[in-house]
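As a basis for the values below, the full set of heavy atoms in this structure was taken, side chains included, without hydrogen atoms, waters or symmetry mates. On a predicted model such as this, the values are computed, not experimentally measured, just so you know. So you know, we letter chains A, B, ... as the sequences are listed, proteins then strands, and number each from 1.
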Protein chains: 2
Amino acid sequence: MSREPPHYFGAGPALLPESVVKQASQDLITYLSNDVGVCEISHRSADAIDIINTAKARLAQAYSIPDTHEILFAQGGGTGAFAAVAYNLTAAYAKKTGKKGTANYLVTGSWSEKAAAEAKRLGFTTHIAANSKQSAGKYGSIPDSATWQFTNDISYVYYCDNETVNGVEFPADISANLPQGVDIVADMSSNILSREIDISKFAAIVAGAQKNIGVAGITVYIVRKDLLSRLPHEEEVALGLPIPPIVFDWPTLAKNNSTYNTLPIFGVHVLSLCVKSVLDKGGLKAQQEESESKADKVYQVIDKYPQVFNAPVAKDARSIMNIVFTLPSPELEKKFLDGAKELRLNGIKGHRSVGGIRISNYNAVTPQSIDILVTYMESFAKII
Amino acid sequence: MSREPPHYFGAGPALLPESVVKQASQDLITYLSNDVGVCEISHRSADAIDIINTAKARLAQAYSIPDTHEILFAQGGGTGAFAAVAYNLTAAYAKKTGKKGTANYLVTGSWSEKAAAEAKRLGFTTHIAANSKQSAGKYGSIPDSATWQFTNDISYVYYCDNETVNGVEFPADISANLPQGVDIVADMSSNILSREIDISKFAAIVAGAQKNIGVAGITVYIVRKDLLSRLPHEEEVALGLPIPPIVFDWPTLAKNNSTYNTLPIFGVHVLSLCVKSVLDKGGLKAQQEESESKADKVYQVIDKYPQVFNAPVAKDARSIMNIVFTLPSPELEKKFLDGAKELRLNGIKGHRSVGGIRISNYNAVTPQSIDILVTYMESFAKII
C-alpha cells in the first residue's frame, strides 16, 4: 500500500507526514510483538502505557517543557476544551482565592468567540477584554494591547493563538501585555508544534490534535501542575462552581496518566509519531524556520499580485499556518480552484463561514507542495 | 501487510474483524478517490458525510431502528456518556414536567455504579432502585425485579445491560418490570450489536464503540427523537439544571448530524465496517446465534469442571459477552495463563479490580478461536 505524495492543504482534519501515515497503517495490523493492532490493545497494557509516556517525552523534548507542567491527553476536541478550560481554571482560581472570579477572553476570530460563549453558557462569569470584530468591524487583526480591558478578578486570560478560520495569528505570546501573574490559557489547536514557545509562561495550552499534530479524537493539554488539584467537591458546590463531567476533570486525568477512562491509544500513537517527525527534522527551531519560509513564499506571491489575490488580514497578524485570501470574483475563485485541482492541489477552499481560499501550511505540508502551489498562483496571476 | 488471525479475548479496546482491520489499514493511506487517507479528510467533506450516513443506515438496518429514533456519534466514551445521559434525560423530563425529577439507577456492577456516582456528582438527584452488591454481598447477579424500588418522580431508569468487569448481563430488556411509560436508558457498551433488541422500548441506548463495534474514541447514542429538544437555556438555568458542555448536548449533535464539532471520522468508518460485517453474517439474528453458541461452549466446559473453574455469576445473569471465572489458586491461575499464552490465546486476564480470568466473546472473536480455547480449557482441567 502506498500513495503518490499528496499536495493537500486542508485546514483540519489535515495532512499527516508520509512516514506517519505509513507507520500508522502498518501498526493497525500488528503493533510491536502483539498479535493484534494498535487499536485493539488495552489502554492499560504495557505497550499502551509506553505509547502514552513516549508521546509525553517527545512533546516535552520538543518544547523543553519544564517540570512545573504536566501533559494530559483526552477526548473532546477543541470544543470540549472550551468547557474543560473554564471548569479547571475557575476551580484553580477558587482554590486560591475562595471566589469564582471572571474569565477574561481576547476574541480575535471564530474560535475564541466560541470559547467565550461556551464558558458563559456553562454559567461562568466571562468578560471580553478585546474583540477585533467590534474594534475593526471584522476579524482580521489583533487589537492594540493598549486597548485591552481586564476585570479586577481575572480567573484566567484566554486567547486563541491562531485562528484557523480567519487566518489570524498572534506574532508572539501575550504575557508582556497582561496584568502580572495572571493565568494565561492559549488554544493552539492549529499552530501547536509549529514554533518555539516558552511553556513556563502558560497556565495551560490546549490543542485538538487533528490539525498539526495528529488525528481527530485526541486533545492535548499542557497544564501547570499547581492547577491539578481542586477544592473538596462540597466546597466547590457551595461556591456555586459548575462541576465538570469527570472526563474533563484535569486532576483526575493527571492522577491516572490520562487513562481514567479509555483513551484512544491509536490517536496518541499518531500524535507521538508526528512529534517525532518534527524532532527528526531538527526540532522546533528547524520546524519554525521551515514553516515561516513556506508561508513567506505564499504571502510574497499574494503581495506581488494584489489585483488578483486579496489578503484580508493585517500584516502583523498574518497566520503562518492558515493563509487566507480572496479573488476578485466568484468566477475567478472557481477558475482558481479548478486549475488547482488539475494539479492535485487540494483542500484549499476557505471555511464555509468566510469563503475564499485558505492554504493551510501545517508541518506535514512539504516545501515541495508549497513550491508547486506558488508556481501555480504565479502563473494564474499572469494569465488572468 | 497481513497477520496470523489472532485468538484475542481482550475486554476492550478489543479485537476487530480481520476484514475490518485490513480495510481500515488500507483506508488510512488513501480513501476512495482522495489523495489522502480517511484520517486526513475534512469531517465536512462529502466523503465524510457519506461515512456518517452509511454508518447510521447500517446500524438502522441491523436493529430495524424505527423512525422515532435518531443515531448520534460523539467523543467521550462510556464515561462521557454517564454525564451525557444525566444532562439530556433530565432536561427532557424537565421539559415535560417542569421539574428535575430523580434519576433511578439499577446497579449490577462496576459500570452502573460509576454511572450513578457521576450523575450524583454532577448535581442530579439520583436514587438506587436496586443494587446487587448490597442485596447479595457482591456483584454477580441481578436482584429480583419484585424488589426494585423506584421513586415517584422518575426522570429516567438507567441500567447497564452487560457489566464487562463482572460478567453480568440482563437476559432481556427490563421494560416489563418498570413503571409504565418511564424513559429507559441502557448502557450497551459491551453488548451492542450482539443480539436482537426492540429499540422502540428505549429512550436512549449508549455505547462506547471500542468493545464490540469499533475503536476507542467513538460513542454511539441511539436516542428517541422527542428527547432531542430542550427548554430555552434560561429556563433550564432557572430550574437549577446542570448545563452540559455543548459536546454532550444531544439536540446540538442531532441538529448537525453529529458534526457540530470535529467528529473522528476514522472511528465512525471502522464502526460502519464492523456493522457491515454483522450484516454480511446474516444480521443480528445470525450474530446472536453465533454469540450464544460460542458462549455456551465456554460455559459448558466451566460447568463440566467445577473443581477447576469457578464461575461466580448466577446462571440467569451470565454474560454472553464477558465470561468470568477463577481457578482454585493463584498458582493455577498463572499456569492457566502461561499455557494459554503458548497457544496464542491472549487477552484473558480478568479486570484488575476483580482478578481471575475473563473471556470476552465479542463479535470479532471467531468460533475457531473459541474452539481452540475450549479445547485448551478441557485439557488443562484434565491434567491438573
Side-chain angles (χ1 to χ4, degrees), chain A residues 1-4 6-8 10-16 21-22 24-26 28-30 35-37 39-44 75-80 82-83 118 121-123 208 210 215-217 233 237 242-248 260-267 270 344 346-347 352, chain B residues 1-4 6-8 10-16 21-22 24-26 28-30 35-37 39-44 75-80 82-83 118 121-123 208 210 215-218 233 237 242-243 245-248 260-267 270 344 346-347 352:
Chain A
M1 285 187 280
S2 66
R3 70 186 190 187
E4 190 82 7
H7 308 300
Y8 185 74
L15 192 67
L16 295 167
V21 169
K22 207 171 162 186
S25 174
Q26 169 67 59
L28 270 196
I29 308 280
T30 52
D35 283 349
V36 295
C39 281
E40 297 161 287
I41 61 172
S42 165
H43 58 296
R44 301 195 194 284
Q75 298 183 49
T79 304
F82 298 161
E118 174 71 348
R121 199 184 62 85
L122 290 172
Q210 72 271 13
V215 297
H233 179 70
V237 172
I243 304 297
I246 201 154
V247 294
F248 288 144
Y260 172 77
N261 64 322
T262 309
L263 181 69
I265 291 296
F266 172 69
V270 172
R344 293 177 55 246
N346 289 316
R352 63 209 156 102
Chain B
M1 285 187 280
S2 66
R3 69 187 193 188
E4 189 80 11
H7 308 302
Y8 185 75
L15 192 66
L16 295 166
V21 169
K22 206 171 161 184
S25 172
Q26 169 68 60
L28 270 196
I29 307 281
T30 52
D35 282 349
V36 296
C39 281
E40 297 159 288
I41 61 173
S42 165
H43 58 297
R44 302 195 192 282
Q75 298 184 48
T79 304
F82 298 161
E118 174 70 347
R121 198 184 63 84
L122 289 171
Q210 72 271 12
V215 297
I218 289 290
H233 179 71
V237 171
I243 303 299
I246 202 154
V247 293
F248 289 144
Y260 172 77
N261 64 322
T262 309
L263 182 67
I265 292 295
F266 172 70
V270 172
R344 292 178 53 246
N346 290 317
R352 64 210 154 100

Asker: Of the listed residues (A:Asn261, A:Thr30, A:Val237), which shares the most heavy-atom pairs with chain B below a 4.5 Å separation?
Answerer: A:Asn261
Asker: Taking C-beta and beyond as the side chain, do B:Phe266 and B:Leu28 meet within less than 4.5 Å on heavy atoms?
Answerer: yes
Asker: Do you know which of A:Ile243, A:Thr79, A:Asp35 has the most heavy-atom pairs under 4.5 Å to chain B?
Answerer: A:Asp35
Asker: Once you round to the nearest 0.5 Å, how far does CD1 of B:Ile246 lie from CG of A:Leu122?
Answerer: 8.5 Å
Asker: In terms of heavy-atom pairs under 4.5 Å, which option from A:His233, A:Arg121, A:Arg344 contacts chain B the most?
Answerer: A:Arg121
Asker: Return the minimal non-hydrogen interatomic distance between B:Val270 and B:Ala24, and the atom names on each side.
Answerer: CG2-CB, 4.2 Å
Asker: So which part of A:Ala14 gets closer than 4.5 Å to some heavy atom of chain B, the side chain, the backbone, both or neither?
Answerer: backbone
Asker: Heavy-atom cut-off 4.5 Å, strictly under: side chain, backbone, both or neither for B:Glu118 against chain A?
Answerer: side chain
Asker: Looking only at heavy atoms and a cut-off of under 4.5 Å, which of A:Thr262, A:Val21, A:Ile29 has the most pairs with chain B?
Answerer: A:Ile29
Asker: Is B:Pro264 close to B:Ile218 at the side-chain level, that is, under 4.5 Å between some pair of heavy atoms?
Answerer: yes
Asker: Under a 4.5 Å cutoff for heavy-atom pairs, which residue among A:Ala83, A:Pro6, A:Gly76, A:Gly80 has the most contacts with chain B?
Answerer: A:Gly76
Asker: In terms of heavy-atom pairs under 4.5 Å, which option from A:Gly10, A:Gly347, A:Pro244, A:Gly37 contacts chain B the most?
Answerer: A:Pro244
Asker: Please name the pair of heavy atoms, one in B:Leu263 and one in B:His43, separated by the smallest distance, quoted to 0.1 Å.
Answerer: O-CB, 4.0 Å
Asker: Short question: side chain of B:Glu40, backbone of A:Leu16 - any donor-acceptor pair under 3.5 Å?
Answerer: yes
Asker: Side chain, backbone, both or neither: which part of A:Pro242 has a heavy atom under 4.5 Å from chain B?
Answerer: neither
Asker: Tell me, side chain or backbone of A:Gln210 under 4.5 Å from chain B's heavy atoms, or both, or neither?
Answerer: side chain
Asker: Name the region of B:Phe82, side chain, backbone, both or neither, that has any atom closer than 4.5 Å to a heavy atom of chain A.
Answerer: neither
